[in-house]
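Order of the sequence lines sets the chain letters (A, B, ...), proteins ahead of strands, with each chain counted from 1. Values below: all heavy atoms of this structure, side chains included; hydrogens, waters and symmetry mates excluded. Here the structure is a predicted model, which means the values were calculated and not measured.
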Protein chains: 4
Amino acid sequence: MPKISQAQRDARQNQILDAALACFSENGFHQTGMADIVKRSGLSHGAVYLYFQSKDDIIEALAVDRHRQEAILSAVGTDQAEDPIAALRKLVHAYARWLTDPDAERTRRVSVNGWSEALRNERVRAGVIEGIDAPRQMITNLIERAQSRGLWNRDANPDAIARTLVALFQGFLLQKVWNEPLDIDVIVGTVDQMVTALATAKTPTKPRKQRALER
Amino acid sequence: MPKISQAQRDARQNQILDAALACFSENGFHQTGMADIVKRSGLSHGAVYLYFQSKDDIIEALAVDRHRQEAILSAVGTDQAEDPIAALRKLVHAYARWLTDPDAERTRRVSVNGWSEALRNERVRAGVIEGIDAPRQMITNLIERAQSRGLWNRDANPDAIARTLVALFQGFLLQKVWNEPLDIDVIVGTVDQMVTALATAKTPTKPRKQRALER
Amino acid sequence: MPKISQAQRDARQNQILDAALACFSENGFHQTGMADIVKRSGLSHGAVYLYFQSKDDIIEALAVDRHRQEAILSAVGTDQAEDPIAALRKLVHAYARWLTDPDAERTRRVSVNGWSEALRNERVRAGVIEGIDAPRQMITNLIERAQSRGLWNRDANPDAIARTLVALFQGFLLQKVWNEPLDIDVIVGTVDQMVTALATAKTPTKPRKQRALER
Amino acid sequence: MPKISQAQRDARQNQILDAALACFSENGFHQTGMADIVKRSGLSHGAVYLYFQSKDDIIEALAVDRHRQEAILSAVGTDQAEDPIAALRKLVHAYARWLTDPDAERTRRVSVNGWSEALRNERVRAGVIEGIDAPRQMITNLIERAQSRGLWNRDANPDAIARTLVALFQGFLLQKVWNEPLDIDVIVGTVDQMVTALATAKTPTKPRKQRALER
DNA sequence: TATGAATGAGACTTCATTCAT
DNA sequence: AATGAATGAAGTCTCATTCAT
């Protein structure tokens with residue numbers, strides 16, 4: 001017998017999360033006070049605590065934005081018949097678009113705060129890892145399918161390549177939030193080249209000579 | 001005027017920075033209190049404020065670790081006669097080694113905190129940018145020299161490739177501090193392949209077809 | 001005018017008081033929140049405020065439990081013909097029984113909270129005083145009747161003895177709620193002895209020699 | 001290398017405890033805010049937390065006032081040669097004097113608050129119990145010595161009598177803080193009579209007939 | 001130079017009470 | 001009569017910084 005509907009609850013929750021996202025993106029998690037979130041949300045202190053148990057809960061909810069991940073991943077269908085390399089390109093384009101979407105700027109900035117937070121908040125860390133595992137898994141799968149169809153060099157290590165691509169996008173995200181010049185065409189072009197190059201590379205991914213560097 | 005020698009001053013300063021590095025790497029900038037730094041340094045509150053004007057000063061000093069950058073870059077000589085591609089590989093190896101050096105773990109973690117801090121602290125941001133500009137510039141120069149010697153595809157965009165490599169290492173650094181499995185051989189192998197592939201790629205870095213994605 | 005019967009009103013009120021008694025006995029008046037009482041009562045916040053104007057009203061209602069006093073006092077009839085000393089013993093036994101009745105534990109604990117509350121809440125204080133005045137009066141009367149029948153030393157001060165007995169039971173109540181070992185036989189035996197001894201004592205209750213201690 | 005002497009530390013601590021005692025005796029533990037204590041002590045918020053870790057620490061320090069116990073107990077020497085019954089009377093007088101000492105009013109009121117607090121704060125409870133164990137033990141010893149010298153009925157249960165005396169004083173304390181008329185001569189006289197009566201009583205402390213009341 | 005006690009603004013959170021439904 | 005979401009003042013405690021010694 002709730003007094004308000006689930007839709008209303010969700011609306012309030014989003015009201016708070018929107019306010020928090022704005023504050024966090026401007027001032028970071030720890031420079032933002034609950035009073036800032038309260039003021040920006042237009043609610044009262046008490047109301048905010050009706051929807052979130054603590055400031056940390058709000059941080060976690062935003063540091064780990066599952067919604068975003070899914071939105072990007074959904075760009076690539078799960079149609080097994082599709083050309084895996086074409087699908088991989090689609091994925092790259094979807095990420096690149098999100099990376100440069102002005103409406104996603106706040107989210108990008110909060111993501112970077114979340115990366116830092118993940119170093120000392122286990123729940124945030126788990127969420128962040130989970131958030132990068134999804135695309136990594138998808139990329140790995142696409143490469144494996146490409147290998148099985150003879151479209152990708154069979155000596156390649158799909159997981160290593162997936163991690164490389166993920167790392168690449170994390171790095172680009174950083175440069176973006178720091179207002180470094182970041183030309184989406186150049187990104188996409190470079191990554192496309194990389195993909196092409198890695199797909200056809202003859203050299204094994206883990207050559208014997210470099211073993212010495214391992215620790 | 002100073003009653004203690006410059007050497008003593010430097011020793012004290014490093015004592016403080018060491019303590020702060022330890023604290024920051026464990027708890028982040030804003031979860032660390034001055035009291036933590038004071039206690040860990042073995043000095044007094046007053047003493048710390050004799051060497052740094054504020055906590056922000058200490059954060060800046062550590063978020064921007066020029067020392068580290070120089071150490072890595074010095075791995076690659078400035079000998080213009082040297083094979084630029086070999087030099088590039090050396091640089092990659094030096095970074096990869098730093099990335100997996102256990103003694104550098106604290107610094108890596110503080111770096112990530114600094115990336116987040118750079119979003120709202122202009123001086124930190126400037127320092128961070130400066131820190132990635134140095135290697136980017138060096139990489140760009142090496143690729144340009146390679147192009148001028150006919151060792152690298154002349155259609156490639158050296159700056160874009162340099163940014164890509166920098167982004168890649170930032171991403172790997174993140175995965176490292178999150179304790180993700182990170183095999184240095186695989187990294188180096190993959191990057192080597194990438195370098196080789198990009199050097200010989202026929203496709204232009206910024207093809208006409210992808211223009212549409214630009215915003 | 002009321003839309004529900006008086007019986008229903010009383011039932012609701014008791015529902016609230018039962019819940020409050022449970023909460024107060026566990027956590028004290030000020031560590032218990034209205035939310036605790038609301039939850040335990042199974043009612044809503046609004047409903048509780050329909051029956052009590054404020055939390056203080058609930059505290060007062062429980063800190064001053066007239067019901068309990070009457071129940072104990074009723075153990076001793078008002079039959080003027082009865083042997084007053086036997087009646088006094090009955091009263092002592094009734095109190096002692098209540099003191100060790102497991103079902104009264106909550107009430108005992110809340111009583112102690114009430115004693116403390118009486119220090120700063122005039123209405124609670126009045127109720128508490130009233131609650132101890134009733135048995136004190138009854139004891140005084142019994143002793144006076146005993147004196148008039150020649151069963152009790154006529155030099156004794158009935159009021160002083162009554163206050164002494166009341167004090168004694170308050171002290172035993174404290175020891176009980178603190179889970180100190182409290183043997184009911186020993187209590188009753190000791191009090192019986194005291195009563196006997198005081199009834200027959202030759203020494204005046206207020207000897208001249210001790211005047212000096214008075215302030 | 002403390003900056004201030006232990007004496008200065010103690011002075012500050014007492015400054016805080018005095019302020020807290022005043023506040024607590026007027027408004028109780030939970031109606032008193034830290035701000036009240038801070039204001040009354042003349043110190044700053046931070047200074048108070050330099051000397052006590054939390055409000056609960058201050059409550060504990062005052063709810064359990066060992067100093068007072070010792071002061072009262074010291075009224076009775078430990079001279080084994082002394083007449084134990086005279087010593088017991090001295091103890092009674094010392095307590096009675098404390099009970100009516102105007103300067104001890106605050107302490108008495110806070111004691112009652114402590115009794116209530118002991119119900120839900122284990123550390124306070126332990127302290128309160130300890131505080132009543134000391135005099136109980138002393139009384140028990142005195143009675144045992146009296147028994148061994150033939151000055152006290154050997155059938156008496158020294159522990160039961162000690163507990164009875166302690167309970168009695170707790171009850172008188174309550175009546176005092178509630179501003180009930182409390183004549184010290186009457187108290188002392190009554191207790192004296194009780195002691196005399198119990199010392200010479202023929203009836204055993206735990207008669208068979210009352211067994212039935214035991215639970 | 002160096003100390004560390006002291007400051008006080010501001011942090012997060014709770015909770016008795018109200019009122020639109 | 002009854003609900004429970006909402007309020008916002010007030011609660012406890014922290015912490016970067018200062019300054020008398």
### Query
Do the side-chain N or O atoms of C:Tyr49 get closer than 4.0 angstrom to the phosphate oxygens (OP1, OP2) of F:dG4?
no

### Task
Could you check D:His45 against C:Gln53 and say which one's nearest nucleotide on DNA chain E is further toward the 5' end?
D:His45

### Summary
On DNA chain F, more 5' by nearest nucleotide between D:Gln31 and B:Asp56 is D:Gln31

### Any strand: nucleotide that pairs with E:dT7 via Watson-Crick or wobble, under 3.5 Å
F:dA16

### Task
Nearest-nucleotide wise, let me know which of C:Gly33 and B:Gly42 is further upstream toward the 5' end of DNA chain E.
B:Gly42

### Task
Looking at every strand, decide which applies to C:Arg12 at a 4.0 Å heavy-atom threshold: base, sugar-phosphate, or nothing.
sugar-phosphate

### Query
Hey, are C:Arg40 and C:Glu26 close enough for a salt bridge, meaning a charged N less than 4.0 Å from a carboxylate O?
yes

### Message
At 4.0 Å (heavy atoms only), tell me whether A:Gly46 reaches a base, stays on the sugar-phosphate, or touches nothing.
### Response
base

### Summary
Side-chain atoms of A:Leu50 come closest, of E:dT13, F:dT17, F:dA6, to F:dA6

### Query
Which of these nucleotides, E:dA2, F:dA16, E:dC12, is closest to any side-chain atom of B:Lys55?
F:dA16

### Query
According to the Watson-Crick and G-U wobble definitions, with both distances under 3.5 Å, which nucleotide is paired to E:dC12?
F:dG11

### Message
Testing the 3.5 Å rule here: is there a donor-acceptor pair between the side chains of B:Arg9 and B:Gln6?
### Response
no

